[in-house]
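Report on the structure given below.
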Amino acid sequence: MTDYYRGSGDADSTQQHPTQEFPGQGFQGQGFQGSAYPPPPAYGPALPVGGAATAHRRAKRPVALLAAVAIAAAVIGGGTAALVGNYTGGGTDSTGTTVSGTTVSQSSAGTVSGVAQAVSPAIVEINATSTNGEATGSGVIITSDGEIITNNHVIAGASSIRVRLSTGKSYTAQVVGTDANKDLALIKLEGASGLKTAALGNSDQVKVGDQVVAIGSPEGLTGTVTSGIISALNRDVTVAKEQDQGQGQGQGKGQQQQPQRGGGNWPFEFGGQQFNGDTGSSKTTYKALQTDASLNPGNSGGALINMNGEIIGINSAMYAPSSSSASGSSGAGSVGLGFAIPVNTVKSDLSALRSGGTG
């Protein structure tokens with residue numbers, strides 16, 4: 001016996017398709033109605049129930065998939081176009097400060113390698129010499145003539161500052177302004193021009209779980225790139241404002257008996273506890289971004305970057321086992337607890353730093 005039904009491939013289809021019952025199985029089309037067609041020709045057996053519909057659906061799936069991919073590509077393309085427009089247009093955010101800089105290429109957007117390639121030329125190594133030894137930290141170039149943002153604790157008390165670019169070229173730098181309350185400093189290279197600069201983003205848009213990239217000079221290894229996520233927002237981190245109780249700077253080269261300072265595990269307090277040494281009596285507290293991107297001695301003052309290639313924070317502190325802070329060596333290094341000063345704090349303080357600083 002032969003049953004006939006309406007094709008199910010399209011809801012508005014009016015074409016009728018034949019089917020047949022399989023002998024001995026009692027299996028036939030159900031729930032379909034329509035006028036009968038003549039029996040199928042001898043050279044082509046009728047399709048079993050569901051055959052035409054299944055073939056029709058299978059044919060349509062790639063079309064649906066291509067449509068979804070096209071939509072995704074349009075979204076990605078639109079996001080990239082908006083990003084490039086923001087960079088080239090020099091837009092101003094809620095802080096009222098505009099700092100345009102490097103871009104991530106369209107083909108590399110959203111990748112660690114793309115971010116590293118775009119931003120690494122704007123990250124420098126800083127060597128600050130003082131009576132306590134030599135501090136090794138990092139910094140971020142924000143103007144083509146050599147303005148660099150770093151941590152105050154990297155350059156505090158320095159008698160001379162040398163800066164090395166990603167190209168290997170070195171410059172002497174002078175302190176323009178400092179703000180110990182925010183652990184920020186602005187230095188300026190002497191005789192520099194045409195430098196690659198970083199774009200400062202908007203830290204108010206950062207969310208927990210966002211992917212980030214950190215670039216700095218841990219242990220003097222210039223241009224080291226690590227990656228991770230934002231682990232938490234608005235952490236109250238307390239750090240020393242100045243050199244207190246004989247604490248050394250940086251990695252303490254020449255002063256290995258003293259606790260590390262500017263190298264990236266700067267003594268800090270959090271949750272009523274002290275880490276990496278005693279912060280002393282003169283201290284300040286700021287709201288920090290927490291990240292699990294690997295930070296090590298030398299990362300202080302370096303960049304925490306979103307996947308669009310924008311600076312969202314200045315790396316300032318990391319937790320290290322207490323034994324390492326007492327010995328003056330880097331010890332076990334990063335354990336995935338790093339902190340960065342939000343970039344909106346930097347932008348709001350930039351005018352004051354350019355005027356000589358506030359503290």
Using a 3.5 Å distance criterion without hydrogens, assess whether the side chain of Ser138 forms a donor-acceptor pair with backbone atoms of Ser217.
yes
How many angstroms lie between CG in Leu200 and CD1 in Ile149, if you round to the nearest 0.5 Å?
8.0 Å
Residues Arg162 and Glu125 bridged, charged N to O under 4.0 Å
no
Within this structure, what is the OG1-CD1 distance for the pair Thr136 and Ile126, rounded to the nearest 0.5 Å?
10.0 Å
Min side-chain heavy-atom separation Arg354-Leu186 under 4.5 Å
yes
Let me confirm one number: the CG-OG distance from Asn234 to Ser203, rounded to the nearest 0.5 Å.
9.5 Å
Working to the nearest 0.5 angstrom, can you tell me the gap between Ile187 CD1 and Thr178 OG1?
12.0 Å
With a 3.5 Å cut-off and no angle check, do the side chains of Asp179 and Asn152 form a donor-acceptor pair?
no
In the structure I gave you, are the side-chain heavy atoms of Asn127 and Val163 within less than 4.5 Å of one another anywhere?
no
CD/Glu310 to CD1/Ile305 distance, rounded to the nearest 0.5 angstrom?
11.0 Å
For Thr285, side chain to side chain donor-acceptor pair (under 3.5 Å) partners two or more places apart:
Thr238
Looking only at heavy atoms, the pair that brings Ile215 and Ala116 closest together is CD1-CA, 4.3 Å
Just checking, any donor-acceptor pair under 3.5 angstrom between side chains of Asp183 and Ser316?
no
Could you tell me whether the side chain of Ile141 reaches within less than 4.5 Å of the side chain of Glu147, counting heavy atoms only?
no
What's the verdict on side chain to side chain contact (heavy atoms under 4.5 Å, CB included) for Asn296 and Thr224, showing C-alpha distance, side-chain angles and the deciding distance?
CA-CA 10 Å; Asn296 287 287; Thr224 295; over 6 Å; no
Flag yes if Ile312 and Val112 sit in one hydrophobic cluster, no otherwise; membership is Ile, Leu, Val, Met, Phe, Trp, Tyr, and two members link when side-chain heavy atoms are under 4.5 Å apart.
no
Side-chain donor-acceptor pair present, Asp204, Asn344, cut-off under 3.5 Å
yes
For Ile123 and Val140: C-alpha separation, side-chain torsions, deciding distance, then whether side chain to side chain contact (heavy atoms under 4.5 Å, CB included) applies.
CA-CA 5 Å; Ile123 311 302; Val140 179; 3.9 Å; yes
Are Leu304 and Ile341 co-members of a hydrophobic cluster defined by side-chain heavy atoms under 4.5 Å apart?
no
In the structure I gave you, are the side-chain heavy atoms of Asn306 and Val206 within less than 4.5 Å of one another anywhere?
no
With side chain to side chain contact (heavy atoms under 4.5 Å, CB included) as the criterion, how do Val239 and Thr284 come out once you've worked through the C-alpha distance, each side chain's angles and the decisive distance to 0.1 Å?
CA-CA 6 Å; Val239 299; Thr284 185; 3.9 Å; yes
I want to check something: taking the side chain as every heavy atom from C-beta on, are Thr345 and Tyr286 in contact at a cut-off of under 4.5 Å?
no
Ala173 versus Leu189, closest heavy-atom pair with distance:
CB-CD2, 3.9 Å
Determine whether Ile142 and Val213 fall in the same hydrophobic cluster, where Ile, Leu, Val, Met, Phe, Trp and Tyr are linked whenever their side-chain heavy atoms lie under 4.5 Å apart.
yes
Linking I/L/V/M/F/W/Y whenever any side-chain heavy atoms sit under 4.5 Å apart, do Leu233 and Leu337 land together?
no
Closest heavy-atom pair, Asn299 versus Pro218, reported as atoms and distance to 0.1 Å, is OD1-CB, 3.5 Å
Nearest heavy-atom pair of Ala293 and Gly228: which atoms, and what distance?
CB-N, 3.9 Å
Ser159 side-chain N/O to Thr129 backbone N/O, donor-acceptor pair under 3.5 Å
yes
In terms of heavy-atom contacts, Ala122 and Ala198 come closest through CB-N, 3.6 Å
For residues 185-195, which residue pairs qualify under side-chain hydrogen bond (donor to acceptor under 3.5 Å, both in side chains), counting only residues two or more places apart or in two chains?
Gln174-Glu190
Minimum heavy-atom distance Pro121-Ser166, with the two atoms named:
CA-OG, 3.3 Å
Arg164 vs Thr222, test: side chain to side chain contact (heavy atoms under 4.5 Å, CB included). Steps then yes/no.
CA-CA 8 Å; Arg164 184 169 66 165; Thr222 305; 2.7 Å; yes
Could you state the interatomic distance from CG (Asn202) to CG (Asn308), rounded to the nearest 0.5 Å?
12.0 Å
Between Asn151 (side chain) and His153 (backbone), is there a donor-acceptor pair under 3.5 Å?
no
Hey, any chance Val237 and Val335 share a hydrophobic cluster, counting ILVMFWY side chains that come within less than 4.5 Å of each other, even indirectly?
yes
Val346 versus Ile314: any side-chain heavy-atom pair under 4.5 Å?
yes
Donor-acceptor under 3.5 Å (Thr150 side chain, Gly139 main chain)
no
Side-chain touch Val225/Ser120, heavy atoms, less than 4.5 angstrom
yes
Decide yes or no for Ile161 and Thr172: does some side-chain heavy atom of the first lie under 4.5 Å from some side-chain heavy atom of the second?
no
Check: Ala303 main-chain N/O paired with Asn315 side-chain donor or acceptor under 3.5 Å:
yes
